[in-house]
Amino acid sequence: VAEKTYLQAISDGLREEMRRDQRVFVIGEDVGVYGGAFKVTLGFQEEFGPWRVIDAPLAESAIIGACTGASIMGMRPVAEMQFADFISCGWDQLVTVAAKQRWRAGTPVPITVRLPSGGGFSGGPFHSQNPESSFAHIPGLKCVCPATPEDAKGLLASAIQDPSPVLYFEHKHLYRRIKGEVPDERITVPLGKARIHQEGGDLTVVTWAAMVYTAEEAAKELAGDDVSVEILDLRSIVPWDKQAVLESVRKTSKVLVLHEDTRTGGFGAEIAATIAEEAFEDLDAPVKRIAAPDTPVPFSPPLEKAFIPQVADVAAGLRELAEY
Amino acid sequence: VAIAREAEPVGSLSEVRQAGLDREDLLTVYRNLLVTRGVEERGHILYRQGKIPGSFYTGRGNEAASVGVATAMGPDDVGTPLHRDMGVHIVRGVEPWRIFAQYMGRSDGPTKGRDGNVHMADSRLGLIAMVSHLPAMLPVATGCALAFRIRGERRVAVGWFGEGASARGDAHESMTLAGTRRLPVVFVCDNNQWAYSTPTHLEYATEHVADRAEAYGFEGVVVDGTDVLAVYREAKRALERAREGGGPTLLECLTLRMEGHAVHDDAFYVPKPLFEEWAKNDPIERFRTWLRENADLDDDQEDEIAADVKKLLNESLRRAEESPLPEPADLHEGVYASPEDLDTPHHK
């Protein structure tokens with residue numbers, strides 16, 4: 001067990017899968033010689049060679065489509081989108097081909113697409129998005145959103161070995177900011193199993209990725225008011241751990257659904273609707289949602305701060321719920 | 001100005017033997033052409049009888065192109081045939097009764113009623129099922145070739161696309177990736193001159209689609225898609241080049257789509273003289289004449305093959321009509337793959 005950054009944990013997890021499984025290869029823009037825009041694959045080409053760490057042309061559709069073909073031929077490809085935003089250029093290959101192939105034609109497509117996502121560093125409209133809910137809506141794709149270094153490593157191993165296409169959303173703002181203990185040996189974390197980030201009895205926050213830490217900070221502000229907040233980190237939104245959410249809701253009776261993606265049609269809406277359908281009688285307050293407003297992600301710091309849910313926003317939301 | 005090489009027609013039997021086909025093979029090719037057209041003609045009747053839901057597509061006029069390429073493929077090669085490429089399924093060994101079952105949305109079709117018409121493939125035969133978004137299968141074929149290259153296998157992937165779909169980015173992206181990495185892939189363009197109602201001069205500004213190949217760093221070849229032997233020869237050359245590490249080829253098979261885009265379309269926009277001209281080049285008639293002139297095909301043998309194909313189609317239809325409709329309760333099965341699903345010849 002050693003202290004690792006979230007970024008290092010992803011890198012370690014990927015390297016380990018490549019060492020133990022010859023079928024795993026990496027393809028993406030600048031992943032080889034340069035080591036990836038965020039240096040996740042730094043040193044990989046030296047270790048695994050240019051045919052397992054493949055510098056691709058700037059062609060997201062070809063990258064994802066090639067992963068699909070290679071996976072059907074028995075490989076376990078890992079594609080890197082330089083930024084999650086660029087997945088729009090590969091949408092068709094993911095949604096039209098990869099997602100439907102098993103159901104339609106009986107041909108599984110075991111690919112992993114790594115998606116550096118999220119804002120908080122003035123990346124602007126095209127380098128900051130959290131597009132997970134768009135893909136959560138597509139039957140056949142799985143969506144993973146780790147928050148801790150340990151999960152980043154364990155969920156990546158599970159994603160690579162999963163027989164379905166998995167979108168692995170790695171939050172850029174956590175890369176070097178978040179450190180945690182990560183076992184040195186190979187670990188796997190099952191998809192669809194939530195993690196209780198912090199136990200509490202009065203309010204539940206259901207969230208994932210970077211917002212786990214925003215919720216944690218906000219919860220600290222309420223500790224003085226003697227309100228204890230349970231924070232549930234979903235880890236993956238397809239599949240998502242409905243049981244864990246409903247259990248926590250039954251315990252606290254008040255729930256805040258929090259995400260960094262925009263509000264309308266965000267995955268929080270699905271969670272809120274499910275709680276309303278299946279735990280209505282257990283609620284002591286309406287389900288509350290906090291999410292980014294329905295605008296593109298802005299560039300300038302004051303605008304971006306107004307866009308991404310801040311600790312103060314979440315603390316205010318929690319207070320409202322507590323007082324309801 | 002044409003840049004691609006324009007392939008010569010095939011002449012003598014000895015030339016064909018050199019390309020790797022003996023007389024028995026030639027008769028198999030002829031039979032496969034008849035089965036290909038027969039399946040689609042019978043399918044058309046089924047459609048008119050109201051037994052096929054949705055729409056119905058054929059590859060009439062493209063039989064030689066699809067059979068020719070598939071005949072040249074090796075047993076371990078793979079491909080992503082499209083809706084004009086029924087011949088590929090036939091050559092690879094998909095049984096016609098399963099195709100009829102697919103047309104009718106029955107549970108014995110390769111997609112068990114989950115997808116329709118020619119959106120099907122038998123992965124055990126090295127084929128991957130197409131999607132409607134053309135040419136989305138080209139990046140997939142390129143990825144198959146990438147896997148072969150990574151593992152150092154002497155296998156080739158064949159990716160089909162139409163001249164209409166050549167406009168979309170997937171064609172450019174996959175040819176760029178395949179060209180830069182010299183991957184063992186053959187891009188086959190079924191150029192039937194019409195993308196639904198759009199003629200070629202509104203689809204691309206070069207003389208041939210295959211002229212683009214040079215820009216991607218590999219050879220482009222244009223072949224008469226109604227000449228099954230010329231298609232075979234050129235496909236074989238391209239496949240062997242890829243197998244030997246020589247990289248991709250863009251093989252353009254020039255034909256005319258002899259029917260509408262789909263069964264609802266009477267193709268009023270195609271000039272009548274064009275149909276009349278290309279009807280003279282009917283690929284099956286052309287090959288039959290060649291066999292009679294060059295390979296001693298006589299009336300008896302011709303009748304024997306025709307009767308054999310007719311029997312196969314009749315039995316296939318009967319068997320397909322006995323196939324049950326899919327169970328609605330099974331709708332949810334297999335949206336996500338299970339680890340057991342990966343226990344296939346390809347995924348191991």
Side-chain angles (χ1 to χ4, degrees), chain A residues 22-23 25 27 49-52 54-77 79 89-93 95-111 138-142 161-166 191-192 238-239, chain B residues 78 80 110-112 114-115 119-123 128-133 136-153 155 157 159 168-170 172-181 183 331-342 344-348:
Chain A
Q22 287 295 314
R23 302 170 304 176
F25 72 92
I27 182 168
W51 285 101
R52 285 186 74 201
I54 302 174
D55 276 321
L58 206 160
E60 285 80 7
S61 188
I63 291 168
I64 293 172
C67 287
T68 296
S71 80
I72 295 172
M73 292 300 111
M75 302 300 281
R76 292 290 181 277
C89 302
W91 169 272
D92 202 33
Q93 283 298 328
V95 171
T96 304
V97 185
K100 297 171 175 57
Q101 209 68 4
R102 164 62 190 87
W103 180 85
R104 211 169 60 88
T107 326
V109 178
I111 64 172
I138 308 297
L141 300 177
K142 294 184 179 179
Q161 298 303 331
D162 196 279
S164 294
V166 180
L191 273 52
V238 181
Chain B
V78 300
T80 60
T111 69
K112 303 175 182 171
R114 290 176 168 195
D115 203 344
H119 291 196
M120 59 172 192
D122 190 333
S123 62
I128 300 172
M130 65 173 287
V131 298
S132 293
H133 301 46
M137 301 314 288
L138 291 188
V140 177
T142 303
C144 296
L146 181 63
F148 302 154
R149 175 62 185 81
I150 292 171
R151 296 193 298 240
E153 295 171 350
R155 298 167 69 187
R168 258 196 67 220
D170 274 356
H172 172 68
E173 290 196 17
S174 47
M175 288 181 201
T176 300
L177 177 58
T180 54
R181 294 278 169 176
L183 298 179
L331 179 65
H332 298 275
E333 183 273 327
V335 173
Y336 296 94
S338 65
E340 299 76 53
D341 288 333
L342 294 174
T344 69
H346 288 307
H347 284 89
K348 67 185 182 234

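Computed over heavy atoms, backbone and side chain alike; hydrogens, waters and symmetry mates excluded. Every chain is numbered from 1 and lettered A, B, ... according to where its sequence line falls, protein lines coming before strand lines.
- With contacts defined as side-chain heavy-atom distances shorter than 4.5 Å, the pair Val95(A)/Lys100(A) qualifies.
- Glu173(B) has its side chain out of reach of Pro57(A): every pair of non-hydrogen atoms, C-beta onward, lies at least 4.5 Å apart.
- With a 4.5 Å cut-off on non-hydrogen atoms, Glu60(A) touches chain B through its backbone but not through its side chain.
- In terms of heavy-atom pairs under 4.5 angstrom with chain A, the leader among Lys112(B), Met120(B), Glu333(B) is Glu333(B).
- With a 4.5 Å cut-off on non-hydrogen atoms, Ile138(A) touches chain B through its backbone but not through its side chain.
- Residue Lys142(A) touches chain B through both its backbone and its side chain, counting heavy-atom pairs closer than 4.5 Å.
- When every heavy atom of Pro139(B) is checked against every heavy atom of Ser61(A), the shortest pair comes out as CB-O, 3.9 Å.
- When all heavy atoms of Phe148(B) and Val78(B) are compared, the pair lying nearest together is CZ-CG2, 3.8 Å.
- Closest non-hydrogen pair, His133(B) versus Arg168(B), comes out as O-NH1, 3.6 Å.
- For the options Ala147(B), Ala129(B), Ala178(B), heavy-atom pairs under 4.5 Å to chain A are most numerous at Ala129(B).
- Smallest separation of non-hydrogen atoms from Pro77(A) and Cys67(A): CG-O, 3.2 Å.
- Looking at Val238(A), only its side chain comes within 4.5 Å of chain B, counting heavy atoms on both sides.
- Looking at Ala141(B), there are no atoms closer than 4.5 Å to chain A (heavy atoms on both sides), in backbone or side chain.
- Chain B forms more heavy-atom pairs under 4.5 Å with one residue of Ala98(A), Cys89(A), Pro239(A), Ala70(A) than with any other, namely Ala70(A).
- When each of Glu153(B), Met130(B), Met137(B) is scored by its heavy-atom pairs under 4.5 Å with chain A, the top score falls to Met130(B).
- Contact of Ser338(B) with chain A is made through the backbone alone, with heavy-atom distances under 4.5 Å.
- Taking Asp55(A) as the reference, Val31(A), Val33(A), Gln45(A), Arg181(B) meet the side-chain contact (heavy atoms from CB on, under 4.5 Å) condition, with sequence neighbours excluded.
- Of all heavy-atom pairs between Ala121(B) and Ile128(B), the closest is CB-C, 3.4 Å.
- Neither the backbone nor the side chain of His172(B) comes within contact range of chain A; no heavy atom of the residue lies under 4.5 Å from a heavy atom of that chain.
- Using a 4.5 Å cut-off between heavy atoms, Leu58(A) makes no contact with chain B at all.
- Ranking Thr142(B), Leu183(B), Leu177(B) against chain A, the residue ahead of the rest is Leu177(B), based on heavy-atom pairs under 4.5 Å.
- When Thr176(B), Leu146(B), Thr80(B) are compared by the number of non-hydrogen pairs under 4.5 Å with chain A, Leu146(B) comes out ahead.
- Ile63(A) has its side chain out of reach of Gln93(A): every pair of non-hydrogen atoms, C-beta onward, lies at least 4.5 Å apart.
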